[in-house]
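Small disclaimer: the values here were computed from a predicted structure and weren't measured.
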Amino acid sequence: MTPAANIARMSPDGTQLLSDAPADKGEGPVPKLLGLSGLLLLGSVALILRLHNLGARSIWYDESFSAMIARLRWSQFVLTLWNREGNMAFYYFLLHFWEQLGSNPVFLRSLSVIFSVAALPMTYLLGTRLFDRRTGAVAAWLLAINAYDVRYAQEARSYALVVLLSILSTWFLARNLQQSSRAWGAYTTTNVLLVYSHFFGGLVIIAQLLSLLLLPRAAVPWRSVGRSLFWFAVFVIPVPLFIIRLGTDALKWIPQPDARQVLDALAVMAGNGGRTLLMLSAVSLLIAGFRGWQTWRSRQSVCERWPYALIFAWLIVPIAASLLASYAQPFFVTRFLIFCLPALLLGVAAGITQLRPSALAVALFLAISMFALTGTVAAYRKGLDDTDAVGDWPAASSYIFEHAQPGDGIFFFLTLGRVTFEYYRSQRSPAQVWPEALYAPNESELGWKDFVNLPLGDVLAHTRPASERVWVVFIRDDPNGARPSRASVVTRAVFAKNRHAIAERKFRGLTVMLFSRDLDEHSALLLQPAK
């Protein structure tokens with residue numbers, strides 16, 4: 001049953017407006033029971049996929065930030081958000097309470113697993129409301145087995161939460177339009193939380209508004225929409241102030257996108273099934289697009305036309321906006337746009353269910369599912385991105401733990417590195433001997449300044465006097481064995497003064513050096529090559 005079959009609201013001039021109820025209105029208890037059983041089965045599959053290998057990858061740079069920010073005292077927590085990490089404020093707030101129950105990698109990431117699994121029934125409900133039960137079920141299934149969603153359900157960052165909130169926001173919008181609902185406060189609140197989970201989430205709201213512009217004026221309660229936007233703007237005032245204050249320095253690591261990068265990003269988002277899965281998904285989107293074009297050409301009811309406009313705006317507008325903005329400052333990062341994934345899969349599901357004859361639809365569904373599952377299995381082995389290449393933090397920290405002595409000092413070439421090493425120290429029980437940080441603006445505990453990347457000159461000027469032995473950790477300094485940067489040479493010279501460089505060990509993305517005034521027996525052992 002499609003939305004067109006429902007009773008529709010009528011404007012004074014007779015224009016048919018959005019449906020008064022979701023597509024499943026009037027169905028008996030048996031179909032609903034079968035639907036609930038299917039969702040439970042689907043949720044079980046999704047949970048298994050997201051829990052599998054949950055702790056296989058080591059906690060990387062960004063995840064350690066999440067863990068350590070969540071542990072800060074509230075005063076330092078707020079200062080850290082304002083001075084550095086405001087982009088995921090709501091996620092850090094939730095993680096603050098979650099982390100008190102456990103901090104090992106599996107438990108830390110399990111919060112994202114919860115968000116990811118919770119997105120499945122919401123995808124089903126949204127697909128059912130916009131199209132029908134079959135479309136909702138297919139979309140939820142495709143999300144459950146999608147490699148990209150599984151990947152970020154296994155990371156202690158806000159991306160799984162952003163996906164959930166983007167679906168919830170769109171569901172509230174559709175519900176408010178279809179049922180003359182007064183729950184605009186819930187829609188506003190969800191949008192505020194979406195932006196505070198990731199600033200790019202605001203692009204979802206822009207896409208939604210653009211889709212509303214395609215509706216007849218009488219079909220949209222613009223007064224309610226305007227009131228919602230007003231309160232949304234009031235509550236997110238700190239966001240533009242934060243962005244203006246920090247500028248674009250934090251985005252300098254993002255490369256300028258090209259056509260191949262965009263194509264690879266879409267292939268990964270489609271499910272990591274290579275160009276074949278991307279092509280099959282594109283075919284399904286074309287079928288859905290053709291069906292949407294037919295509804296506009298034949299001037300069918302608004303409840304038939306708007307869902308297509310919504311999902312394609314949700315999919316295209318954020319990607320196009322980030323690419324256009326990249327001409328001035330690169331903004332295109334695939335994981336930043338993960339909230340487009342539900343729109344992509346809803347569009348694919350709509351194309352599958354609209355395909356005739358049914359045998360072709362079943363064949364297309366099975367083919368997409370097969371390649372998606374293959375992509376998920378491959379992602380367990382090879383990964384989907386280069387976040388692990390940022391540095392082999394477990395190996396580097398273990399090396400220091402095993403060779404550190406009481407009274408040692410440690411200096412981080414990038415001050416942010418202290419955060420990650422402190423996380424790995426906290427995972428050892430009892431805590432290993434840990435060198436004293438020579439740059440520690442908040443003494444022994446972490447504070448907001450530890451999460452801000454300061455100029456090397458300022459750090460060296462405020463560094464404590466070095467002890468007899470000093471560990472120096474270089475991060476992202478000499479990639480691929482290239483010559484160290486000038487700043488690195490200066491740092492080495494500072495700590496080599498009146499000391500011997502008695503050890504240098506390279507790890508992926510990291511270099512650890514030890515300088516000592518005296519070459520004792522223990523230090524001489526470090527000079528021996530690693531076995």
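Between the side chains of Asn453 and Arg84, no donor N or O sits under 3.5 Å from an acceptor N or O. Checked by atom type, the side-chain pair Arg50/Ser116 shows a donor-acceptor distance below 3.5 Å. With 3.5 Å as the limit, one finds a donor-acceptor pair spanning the side chains of Gln208 and Thr170.
Judged by distance alone, with hydrogens and angles left aside, the side-chain atoms of Tyr187 form no donor-acceptor pair with the main-chain N or O of Val225 at under 3.5 Å. Side-chain atoms of Gln256 never come within 3.5 Å of backbone atoms of Pro330 as a donor-acceptor pair (strictly under, hydrogens ignored).
No close placement of the Phe336 and Phe332 rings is indicated, their centers lying 6.0 Å or farther apart. Between Phe93 and Tyr196, the distance separating the two ring centers is not shorter than 6.0 angstrom. Taking the centre of each ring, Phe451 and Phe65 come in below the 6.0 Å mark. Taking the six-membered ring for Trp, Trp98 and Phe107 have ring centres closer than 6.0 Å.
Counting non-hydrogen atoms of other residues, nucleotides and ligands closer than 6.0 Å to CZ of Phe97 gives a total above 12.
Of all heavy-atom pairs between Ser197 and Phe90, the closest is OG-CD2, 3.4 Å. When all heavy atoms are compared, the tightest approach of Glu85 to Ile69 is CG-CD1, 3.4 Å. Here the closest heavy-atom approach between residue Leu346 and residue Ala139 is recorded as CD2-CB, 3.6 Å. The two atoms that bring Leu54 and Val106 nearest to each other are CD2-O, 3.6 Å, heavy atoms only.
Annotation: the span from Thr123 atom OG1 to Leu142 atom CG amounts to 10.0 Å, rounded to 0.5 Å.
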(Q) Between Glu445 and Arg73, is the salt bridge (Lys or Arg N to Asp or Glu O under 4.0 Å) condition met? List the steps. (A) CA-CA 10 Å; Glu445 67 176 15; Arg73 291 183 290 109; 2.9 Å; yes
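Ring planes of Trp74 and His96: tilted class, angle from 30 to 60°.
Considering only heavy atoms from C-beta on, Trp171 stays 4.5 Å or farther from Thr128 through its side chain. For the pair Phe200 and Val162, the minimum side-chain heavy-atom distance is 4.5 Å or more.
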